[in-house]
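Take a look at the structure below.
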Amino acid sequence: LSSSSSPMMLTRSRLLCGSPPAAAEKKAAATRPPFTTKFGLNHVTALVEQRKAQLVLIAHDVDPIEVVVWLPPLCRKMGVPFAVVKNKARLGQLVHQKSATAVALVGVEKGDKAELGQLITAINTFHSGIGEAYTRPGVKKIGSKSIAKVAKKQRAILAEEKAKQSL
């Protein structure tokens, strides 16, 4: 094309050639969801509940801690991997803010999916290594004294049944 060709001529030539207009190209690009990090406790909570978050990062120095203490059980319940990071100022740098209590990764580029998968695998391995410390919400763990009492009652019941059978 020559330097004297105007934008109007480029559009007209594009229409004559049958190539899609620039507006359609922009619309097609806009339909693809952006690869972003979302922050803010309410926003992150909504993303976890909708299972749109691929990874949740929670700051350890939130004051009061009750603000975020319910987020890890919610992530476990919804099957969203999460990690607790050292400082809320670091999370703030991630999203260009002074500080952030929680950050969620919504999407990553195709080239970074393998690295994200390795990170999620490492996080899940860490959480599974903790084992019995985390249980489902609402499930009570029985202590060692209670286990001993139940075992003692069962032995007494078995002894009574043997005594009845021998008579």
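In what follows, residues are counted from 1 in the order of the sequence shown.
Taken to the nearest 0.5 Å, the NZ atom of K162 stands 13.5 Å off from the CD1 atom of I157. In this structure, NE2 on H43 lies 10.0 Å from OG1 on T45, to the nearest 0.5 angstrom. Here the CD-SG distance, from E49 to C75, works out to 10.0 Å after rounding to the nearest 0.5 Å. Going from atom NZ of K145 over to atom NZ of K149 covers 8.0 Å, rounded to the nearest 0.5 Å.
Summarising the geometry of L47 relative to A104, their closest heavy-atom pair is CD1-CB, 4.1 Å, with the distance given to 0.1 Å. Taking each heavy atom of P72 and V69 in turn, the nearest pair found is CD-O, 3.6 Å. In terms of heavy-atom proximity, I65 sits nearest to H60 at CD1-O, 4.1 Å. Scanning both residues, V84 and A59, for their nearest heavy atoms gives CG1-C, 4.4 Å. Nearest heavy-atom pair across M78 and R51 is O-NE, 3.2 Å. Of all heavy-atom pairs between I120 and Q54, the closest is CD1-O, 3.7 Å.
For the pair L41/L71, a side-chain contact is recorded, criterion being any heavy-atom separation below 4.5 Å from C-beta on. Between R90 and V85 there is no side-chain heavy-atom pair separated by less than 4.5 Å.
In this structure, the side chain to side chain contact (heavy atoms under 4.5 Å, CB included) partners of Q97, at least two apart in sequence or on a different chain, are F39, V95. L55 pairs by the side chain to side chain contact (heavy atoms under 4.5 Å, CB included) definition with L57, P81, L105, L116, L119, I123, not counting sequence neighbours.
When atom types are taken as modelled, the side chain of N87 and the backbone of D61 share no donor-acceptor pair closer than 3.5 angstrom.
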